[in-house]
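Below, chains carry the letters A, B, ... as their sequence lines are ordered, and counting in each starts from 1.
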There are 2 protein chains.
Amino acid sequence: MKNIVVSDLTLRRMPKYLHFLRPLQKLGHEFTSASEISRALGIHHTQVRKDLALTGVRGIPKVGHRVDDLIKAIEEFLNWNNSTDAFLIGTGNMGAALLGYDGFNKTNIKIVAAFDADPKTIGREVNGYRVMNIDKCANLVERMHVHIAILTTPTVVAQEVTDMLVGAGILAIWNFTPIKLVVPKDVIVEDAELYSSLAVLSRKLTDVLASV
Amino acid sequence: MKNIVVSDLTLRRMPKYLHFLRPLQKLGHEFTSASEISRALGIHHTQVRKDLALTGVRGIPKVGHRVDDLIKAIEEFLNWNNSTDAFLIGTGNMGAALLGYDGFNKTNIKIVAAFDADPKTIGREVNGYRVMNIDKCANLVERMHVHIAILTTPTVVAQEVTDMLVGAGILAIWNFTPIKLVVPKDVIVEDAELYSSLAVLSRKLTDVLASV
DNA sequence: TAGATTGTTAATCGATTAACAATC
DNA sequence: TAGATTGTTAATCGATTAACAATC
């Protein structure tokens, strides 16, 4: 079984559709249209149609798309209907925030354990998770067949921890550190890119203030 | 004075260059080349050259670019050499993480106050900030001439809080909620898009697992 | 039916990559 | 000098937008 390959830009739009559709569903709206989604999210209506078509849903001319169907189709497309166990490495500010974040229950990510190297935090409870010694991580990745790691360590140890994770058999890393990780080419790394939107914001604000 | 307009994709690459260059500087390397940056970050060398050219730096043929100059030029380009006061709204998990995040001292963002609507957290100290009542926010935005707001509220109140901020004169919002905010067209909104990279990761991992 | 909406194919636009001249 | 690197202009590629036929 082989899925069609979809561009990153398309994939990045998918969660936006979900975040627009879920409140609609809650309000009891049965149908919506590509044009309505287009207007609400500022995405061209043709683009919306193409994106939705990739998920396999079909709309009804003059009526639109069934909201329930769209949500289900997008969730299946992203595999957010099945939960996938993940380890979180590094229980600093960002790590702790993600451990406590309840938005993940709408995705496939389920954090099942949290690790840290600092003896002072090992054994402590952080947002409901007992922090484990990072020395036990590699062993547990193999034994529990965990595929995803969320990397929220300090930047300086990020590559070293990555090497350990890859060696243990991790297939995908959600990278919250700002550096480019070096991994074998069959390992997936997705950068959260926290600084990217700040860079865009900073520059645009500078433009606005300069033009005054 | 008017800055040249630069595409978002280019702006998003700028912090990556910085994160590669700063450790080089620390190691005492005086020069680097576009090809070295290209290899390290997986960005085409022509792309790197064009991006760097936008910041105004000139390299020396056969030698490369002075690391110090590059860092300085990119920081100036993003206005990260001047600090800009920002308010943070919503001291939940993500808000608290950002308040404690020390990575911001390398950017222009300086959080000067944190607000929340929950009486239980107002007055409490979170990562060094005394949480203020959100009722006082609009007034303080005007009095302190704050331009940037970091939005880390629950999703349901995000639009309402945005309206308040815009009414008070905020010019730019760094949006950590997943919804599309409605603002007048001269107000800048940059979405942190936390779910986007997760969507890419989820789909790619599904592809890999499906092909096994 | 007429009109609104879907969904596809063609055209455009912009970003990336290739080619190459300039230079220390 | 020869070679490595810069920086620019041209070609390619892919994403977005426009046009339009199909349909309930």
- Query: Looking at B:Asp69 and B:Val57, what are the two nearest heavy atoms and their distance?
  - Reply: O-CG1, 3.7 Å
Rounded to the Å, how far apart are [X] [atom1] and [N] [atom2]?
X: A:Ile37; N: C:dG7; atom1: CD1; atom2: P; answer: 11 Å
X: B:Leu54; N: D:dG7; atom1: CG; atom2: P; answer: 12 Å
X: A:His65; N: C:dA4; atom1: NE2; atom2: P; answer: 17 Å
X: B:Ile60; N: C:dA22; atom1: CD1; atom2: C1'; answer: 15 Å
X: B:Arg66; N: C:dC24; atom1: CZ; atom2: C1'; answer: 14 Å
X: A:Asp8; N: C:dT16; atom1: CG; atom2: C1'; answer: 15 Å
X: A:Lys62; N: D:dC24; atom1: NZ; atom2: P; answer: 13 Å
X: B:Leu9; N: C:dA15; atom1: CG; atom2: P; answer: 7 Å

- Message: Is there a side-chain contact (heavy atoms from CB on, under 4.5 Å) between B:Phe176 and B:Leu98? Walk through the geometry before answering.
- Response: CA-CA 11 Å; B:Phe176 280 81; B:Leu98 296 179; 3.6 Å; yes
Between [X] and [Y], do the side chains contain an N or O donor and an N or O acceptor separated by less than 3.5 Å?
X: A:Thr10; Y: A:Ser7; answer: yes
X: B:Gln25; Y: B:Asp68; answer: yes
X: A:Asn108; Y: B:Ser202; answer: yes

- Item | Carboxylate-amine/guanidinium contact A:Lys110 A:Asp85, below 4.0 Å | no
- Check the pair A:Leu21 / A:Ile74 against side-chain contact (heavy atoms from CB on, under 4.5 Å), numbers first and verdict last. CA-CA 10 Å; A:Leu21 292 165; A:Ile74 298 172; 3.9 Å; yes
- Item | Sorted by number, the residues of residues 39-52 of chain B with heavy-atom contact under 4.0 Å to DNA chain D | B:Thr46, B:Arg49, B:Lys50
- Query: Should D:dT8 form a Watson-Crick or G-U wobble pair with both distances under 3.5 Å, which nucleotide is its partner?
  - Reply: C:dA19
- Item | Closest-nucleotide 5' rank along DNA chain C - winner of A:Arg58 and B:Val63 | A:Arg58
- Side chain of A:Pro61 (C-beta onward), nearest among D:dT8, D:dT5, D:dT23: D:dT23
- Task: Using a heavy-atom cut-off of under 4.0 Å over every strand shown, decide if B:Thr10 touches base, sugar-phosphate, or nothing.
- Result: nothing
